[in-house]
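Worksheet: the structure to be examined is printed underneath.
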2 protein chains.
Amino acid sequence: MAWLARSFGRPDYAPLTGADLEILIGSAELISKYPGTHLFREGDPALAAFLVESGDVEIYRGTGSTRRVVSRVGSGSVLGDIAMFGDGPYISSAQAVDRVRVFRFDKDKLLPELAKHPAICLRWLVAGLRQLEATQRRVIHLMHKTVLSQVADLLGEEADAKGEVRLSQITIATLLGVSRQSVNEALGRLRKQGAVETGYRQIRVTDPDRLETIATS
Amino acid sequence: MAWLARSFGRPDYAPLTGADLEILIGSAELISKYPGTHLFREGDPALAAFLVESGDVEIYRGTGSTRRVVSRVGSGSVLGDIAMFGDGPYISSAQAVDRVRVFRFDKDKLLPELAKHPAICLRWLVAGLRQLEATQRRVIHLMHKTVLSQVADLLGEEADAKGEVRLSQITIATLLGVSRQSVNEALGRLRKQGAVETGYRQIRVTDPDRLETIATS
DNA sequence: GGAAGAACGTCGTCGTGGCGACGGTTGATT
DNA sequence: AATCAACCGTCGCCACGACGACGTTCTTCC
């Protein structure tokens with residue numbers, strides 16, 4: 001379902017610099033959330049945007065059996081701004097996965113402040129539009145590609161410094177919007193080609209270059 | 001290729017109101033283009049954004065054999081702002097199809113003006129983010145849907161007041177990123193169900209409600 | 001009015017990927 | 001140590017749609 005996966009979470013979406021933050025600090029509130037608690041829920045009126053200071057936050061859509069994790073974002077990411085600026089309800093839910101500290105920007109405090117500092121407003125605009133363009137471009141890239149290259153692409157982006165990815169095949173399948181079986185088959189091929197090693201809930205990238213080649217098939 | 005088709009052209013993307021325009025009129029220039037001339041070309045440095053005043057403009061990507069029309073937009077649409085704000089080159093080309101009048105906003109004149117009027121800046125931001133969200137939502141909707149519902153959806157949106165759509169099957173296929181044969185088959189089924197009548201380079205929607213039902217299958 | 005080109009209708013073949021099923025393996029819980 | 005749930009690996013079947021091919025019909029331009 002969520003091909004856009006990481007586009008939705010927008011982990012690289014950071015419209016605010018340190019200097020901006022200093023200016024805005026007056027209209028923000030640094031709050032702390034325990035694991036499992038919600039920053040906001042899908043459908044709630046969007047009264048605030050959030051900037052993650054530390055910890056990880058899980059973005060998901062739907063509830064119960066239709067619950068789908070869309071992304072997991074960390075420090076520096078901005079959440080909920082689309083809904084807040086757009087005057088609509090939140091379009092996804094955000095839940096803390098561990099101890100999380102976030103800045104909360106209340107809408108009625110933030111908007112006047114933005115009006116006073118057009119430069120920040122402009123930067124936010126630029127970041128938003130850049131994201132729009134990146135999303136379009138990425139979707140075009142991913143779209144009619146084979147599951148194999150999609151998986152390769154995701155592994156390349158999701159791997160940490162040691163080349164490890166700790167995701168179950170089901171999670172990967174959900175993120176890419178394909179079936180678990182297809183992911184399994186793709187991983188099998190990657191393994192046969194020597195690009196990765198697989199284990200329980202864990203994948204190790206052994207040949208990033210080959211992975212990259214396959215991703216751009 | 002261009003599943004995003006109309007999202008790219010963003011025909012409903014109108015961040016500027018009449019009042020805004022009056023304020024910005026000083027930094028804009030109303031220019032006129034003959035049919036076939038270009039507003040800008042893919043790859044050119046993005047020094048200006050455009051607001052269509054009258055006439056139609058064709059958006060395409062690629063050149064020569066890879067040229068693909070991505071959208072056709074008319075009065076009220078804004079072009080080139082993503083590239084201009086993002087400091088990159090234009091990501092598509094824009095060509096006048098008939099006599100066209102557009103406002104040209106030069107970057108170095110517009111930016112200072114926006115800094116003076118944060119309200120307009122904010123409105124642009126909101127419009128941009130809204131578009132981002134709409135694109136994501138739309139892609140998710142369209143993506144793994146059957147060709148039948150994609151065609152139905154497109155016809156519903158593209159039909160004019162008389163319910164007519166003047167597009168060849170090849171054009172529709174390109175816009176949706178599917179094969180002509182599949183479009184033909186889908187149209188055949190729609191015809192059999194009495195939702196449309198088909199002719200040479202032309203389709204008449206006879207039952208919009210049924211079309212809508214099929215589109216959201 | 002005739003020729004060339006574009007668009008339409010239809011067929012068969014083939015690859016990709018979704019889905020259900022089932023057994024084996026790993027990790028967690030007590 | 002036993003038990004249970006989650007996860008992995010694999011198989012077969014089936015639907016959707018891409019692609020090539022071919023004949024027909026409609027436009028357009030001499």
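Chain naming here is simple, since letters A, B, ... match the order of the sequence lines and numbering starts at 1 in each.
The A:N184 side chain lies nearest to D:dC8 when the options are C:dA7, C:dG9, D:dC8. Side-chain proximity of A:I170 to the nucleotides C:dC8, D:dC7, C:dG9 is greatest for D:dC7. For B:V147, the listed nucleotide lying nearest its side chain is D:dG17; candidates were C:dG17, C:dT10, D:dG17. Of the candidates C:dA7, C:dG18, D:dC7, C:dG18 carries the atom nearest the A:S182 side chain, counting heavy atoms from C-beta on.
Close to D:dG9, at under 4.0 Å from its OP1 or OP2, lies a side-chain N or O of A:T198. Between B:T146 and D:dG17, a side-chain N or O to OP1/OP2 separation shorter than 4.0 Å is present. Listed pair B:Q169 / C:dA6 fails the phosphate criterion, with no side-chain N or O lying under 4.0 Å from OP1 or OP2.
In this entry the distance linking NZ of B:K145 with P of D:dG17 reads 13 Å, nearest Å. Look at CD on B:E197: it is 16 Å from P on C:dC8, rounded to the nearest Å. One atom, CZ of B:R189, and another, P of D:dA15, lie 13 Å apart when rounded to the nearest Å. One atom, CG of B:L190, and another, P of C:dG9, lie 12 Å apart when rounded to the nearest Å. Here D:dG9 presents its C1' atom at 11 Å from CG of A:L187, a figure rounded to the nearest Å. The nearest whole Å value for the distance from the CZ atom in B:R166 to the P atom in D:dT27 is 11 Å. Atom CG in A:L176 sits roughly 17 Å away from atom P in C:dT16 (whole-Å rounding). In this structure, the CG atom of A:L167 is 18 Å from the P atom of D:dA6, given to the nearest Å.
In this structure, B:V165 and B:A159 approach most closely via the heavy-atom pair CG2-CA, 3.6 Å. A pairwise comparison of heavy atoms in A:A46 and A:K107 identifies O-CD, 4.0 Å as the closest pair.
Using modelled atom types and a 3.5 Å distance limit, the side chains of B:R191 and B:T198 yield a donor-acceptor pair. B:T146 and B:S149 share no side-chain donor-acceptor pair at under 3.5 Å. For the 3.5 Å distance criterion, the side chains of A:R41 and A:S93 fail to qualify, holding no donor opposite an acceptor.
For the pair A:S179 and A:Y200, both in contact range of DNA chain C, the more 5′-proximal nearest nucleotide belongs to A:S179.
Below the 3.5 angstrom threshold, one finds a donor paired with an acceptor across the side chain of A:Q181 and the base of C:dG20. Taking 3.5 Å as the limit, the base of D:dG9 and the side chain of A:R180 contain a donor-acceptor pair of atoms between them.
No engagement by A:E185 is indicated, since no non-hydrogen atom pair under 4.0 Å with the nucleic acid exists.
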